[in-house]
Peer 1: 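This structure is in structure tokens; I'll ask about it shortly.
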Amino acid sequence: MADVPAIFVFGDSTVDVGTNNYLHGSLATANNPYYGIDYPHHVATGRFSNGYNPADFIESPPAFLALVQKQSTFKSGILRGVNFASAGSGILDDTGIQGFHNVTSLTRQIEQFQTVCGNITQILGDVKGSKLIANAFYFLSVGSNDFFDQFRFNYNISTPELIADLSDTFTIHLQNLYNLGARKFGICGIPTIGCLPGIRAVTPGGACNETLNGYAQIFFNTTLSLLQDLSSANPGMNFSLGNYFLMTTGVIDNPVASGFVEVEAACCGTGPYKGGYKCTQNSDVCKKRDEYLFWDWFHPTQKASEMAALSLLYATGQEFVTPINFTTLATIQH
């Protein structure tokens, strides 16, 4: 992204570039083969992909916890941005804990960003530091795990209550980022989570779970509404909201048009739809990975991630990204 001085990334495994490698005891990890089979030098970096994920195609900086390891280069590194995303995390603080034990919540990610803001101001001074923070791009991809937890652990909460809780909490997170100086928000909706191989594998007849898909659609509309309210209330706040749901539905309904052959089963995994467990060295792995929509039980292939990122960056019209695309958002100067 040529028009921004830095990119800051928040969210879950869809954009995690290695955070969870540093979280002791976390079960949400991807630092084993065959993850990274198509990454340079075939390295399993902690990305939940055969190669790159959507954040990489939008030019993701390194993970915060990786930068912290190298104090000598930490200060020069953060001026280009930081990726705080942690696999398994969600909008709510307790999301991911029951299933994965150790994840960095979105609240904690924003606290880490607050630390980084302090460092940036220390290095550049107040005026230049504030300008960098205001002109930086903020990419958020989060929310699926909040619904997966509801699906897996069946918490005693109604759908309207869950949506209201997520909406209120997400609003607080975004307001906190704005208060720290963020102005340009590129946000992704939730894809067709009911059609993931890991969900098909436990659904009778291998069908999509329409309850989960319903959550994704409702939450997209809720997110659009809260972003409109926030940008009206906060001077200088601009946003772009990507509709991952429509993007994935389009591919599943018409794979050939997008160049895919297999849009139900994962490329790497075990059991029905290869959706029984995460990708490991003992999994079956497909050879023609660019023909698959899904890499593992819950994540897209590098090819699918690239297509999604290109839509976020360059799509015209309102179907896949609204009200403007990420590239246009990036050009707004503060």
Side-chain angles (χ1 to χ4, degrees), residues 1-12 15-24 40 45-47 52-87 89 103-142 172-187 230-231 234-240 309 312-313 326-334:
M1 275 193 178
D3 293 293
V4 295
I7 297 175
F8 296 100
V9 183
F10 303 84
D12 56 25
V15 288
D16 184 340
V17 295
T19 296
N20 285 23
N21 297 351
Y22 300 95
L23 298 185
H24 184 67
T45 57
R47 288 166 173 80
Y52 293 115
N53 70 29
D56 291 303
F57 292 108
I58 294 169
E59 296 177 38
S60 176
F64 174 73
L65 295 180
L67 288 166
V68 168
Q69 306 298 312
K70 303 185 187 115
Q71 277 302 322
S72 57
T73 55
F74 177 74
K75 287 189 172 175
S76 58
I78 61 171
L79 295 178
R80 290 186 292 278
V82 181
N83 185 319
F84 303 94
S86 171
S89 68
V103 304
T104 304
S105 68
L106 190 52
T107 296
R108 181 80 191 107
Q109 292 176 39
I110 294 168
E111 285 168 356
Q112 291 171 340
F113 172 64
Q114 186 170 7
T115 304
V116 166
C117 287
N119 292 325
I120 289 171
T121 330
Q122 209 176 5
I123 300 162
L124 298 177
D126 282 349
V127 176
K128 283 185 178 169
S130 298
K131 193 167 177 60
L132 183 146
I133 292 161
N135 283 300
F137 191 93
Y138 296 82
F139 181 33
L140 290 92
S141 180
V142 69
I172 292 165
H173 289 313
L174 295 171
Q175 185 66 56
N176 287 340
L177 283 171
Y178 177 88
N179 294 346
L180 289 167
R183 292 295 178 268
K184 300 192 262 194
F185 295 83
I187 295 175
L230 275 168
S231 59
N234 293 291
M237 177 180 172
N238 297 96
F239 73 88
S240 174
L312 294 173
L313 287 165
F326 279 22
T327 306
T328 308
L329 177 63
T331 61
I332 297 169
Q333 294 299 310
H334 289 281

Peer 1: Would you please indicate if the ring centroids of F8 and F113 are separated by under 6.0 Å?
Peer 2: yes
Peer 1: Looking at OG1 of T107 and CD1 of I172, how far apart are the two atoms once the value is rounded to the nearest 0.5 Å?
Peer 2: 8.5 Å
Peer 1: In the structure I gave you, are the side-chain heavy atoms of L180 and I133 within less than 4.5 Å of one another anywhere?
Peer 2: no
Peer 1: Can you list the steps and then say if Y138 with I7 is a side-chain contact (heavy atoms from CB on, under 4.5 Å)?
Peer 2: CA-CA 6 Å; Y138 296 82; I7 297 175; over 6 Å; no
Peer 1: Could you tell me which non-hydrogen atom of F239 sits nearest to which non-hydrogen atom of S231, and how far apart they are?
Peer 2: CE2-OG, 3.6 Å
Peer 1: Just how far is it from atom CZ of F10 to atom CG of D16, taken to the nearest 0.5 Å?
Peer 2: 13.5 Å
Peer 1: Who are the salt bridge (charged side-chain N to carboxylate O under 4.0 Å, His left out) partners of E111, not counting sequence neighbours?
Peer 2: R108
Peer 1: With rounding to the nearest 0.5 angstrom, report the CD1 to CD1 distance, I78 to I120.
Peer 2: 5.0 Å
Peer 1: Rounded to the nearest 0.5 Å, how far does OG of S141 lie from CD1 of I187?
Peer 2: 10.0 Å
Peer 1: Considering only heavy atoms from C-beta outward, does the side chain of F139 approach that of V15 to under 4.5 Å?
Peer 2: yes
Peer 1: Return the CG to CD1 distance between N238 and I332, rounded to the nearest 0.5 Å.
Peer 2: 3.5 Å
Peer 1: Where is the tightest heavy-atom contact between S105 and S89, given as atom of each residue plus distance?
Peer 2: CA-CB, 4.3 Å
Peer 1: Do you know which two heavy atoms are closest between G46 and N21, and how far apart they sit?
Peer 2: CA-OD1, 3.6 Å
Peer 1: With distance as the sole test, does K184 use its side chain to make a donor-acceptor pair with the main-chain N or O of M237 at under 3.5 Å?
Peer 2: no
Peer 1: Working to the nearest 0.5 Å, report the span between CD1 of I110 and CG of L140.
Peer 2: 7.0 Å
Peer 1: Answer whether the closest heavy-atom distance between the side chains of F185 and L174 falls below 4.5 Å.
Peer 2: yes
Peer 1: Look at atom CD of Q114 and say whether more than 12 heavy atoms of other residues, nucleotides or ligands are closer to it than 6.0 Å.
Peer 2: no
Peer 1: Return the set of residues passing ring-ring contact (aromatic ring centres under 6.0 Å, His included) with F137 (not counting sequence neighbours), or none when no residue passes.
Peer 2: F326
Peer 1: Just by modelled atom types, is the T104 backbone N or O under 3.5 Å from a matching donor or acceptor in the Q109 side chain?
Peer 2: yes
Peer 1: Taking distance alone, no hydrogens or angles, what donor-acceptor pairs closer than 3.5 Å link side-chain atoms of residues 54-65 to residues at least two apart or in another chain?
Peer 2:
{"residue": "D56", "atom": "OD1", "partner": "R47", "partner atom": "NE", "Å": "3.2"}
{"residue": "D56", "atom": "OD1", "partner": "R47", "partner atom": "NH2", "Å": "3.0"}
{"residue": "D56", "atom": "OD2", "partner": "R47", "partner atom": "NE", "Å": "2.8"}
{"residue": "D56", "atom": "OD2", "partner": "N53", "partner atom": "N", "Å": "2.9"}
{"residue": "E59", "atom": "OE1", "partner": "M1", "partner atom": "N", "Å": "2.8"}
{"residue": "E59", "atom": "OE2", "partner": "M1", "partner atom": "N", "Å": "2.1"}
{"residue": "S60", "atom": "OG", "partner": "N83", "partner atom": "ND2", "Å": "3.0"}

Peer 1: Under a 3.5 Å distance rule, please check whether T327 uses its side chain to pair with a backbone N or O of L313 as donor and acceptor.
Peer 2: yes
Peer 1: Indicate yes or no: at least one non-hydrogen side-chain atom of F74 is less than 4.5 angstrom from one of V68.
Peer 2: yes
Peer 1: Taking the side chain as every heavy atom from C-beta outward, state whether D3 and N135 have any atom pair closer than 4.5 Å.
Peer 2: no
Peer 1: Is there a donor in the side chain of Q175 and an acceptor in the side chain of N234, or the other way round, less than 3.5 Å apart?
Peer 2: yes
Peer 1: Between N20 and S86, is there a side-chain donor-acceptor contact under 3.5 Å, judged purely by atom types and distance?
Peer 2: yes
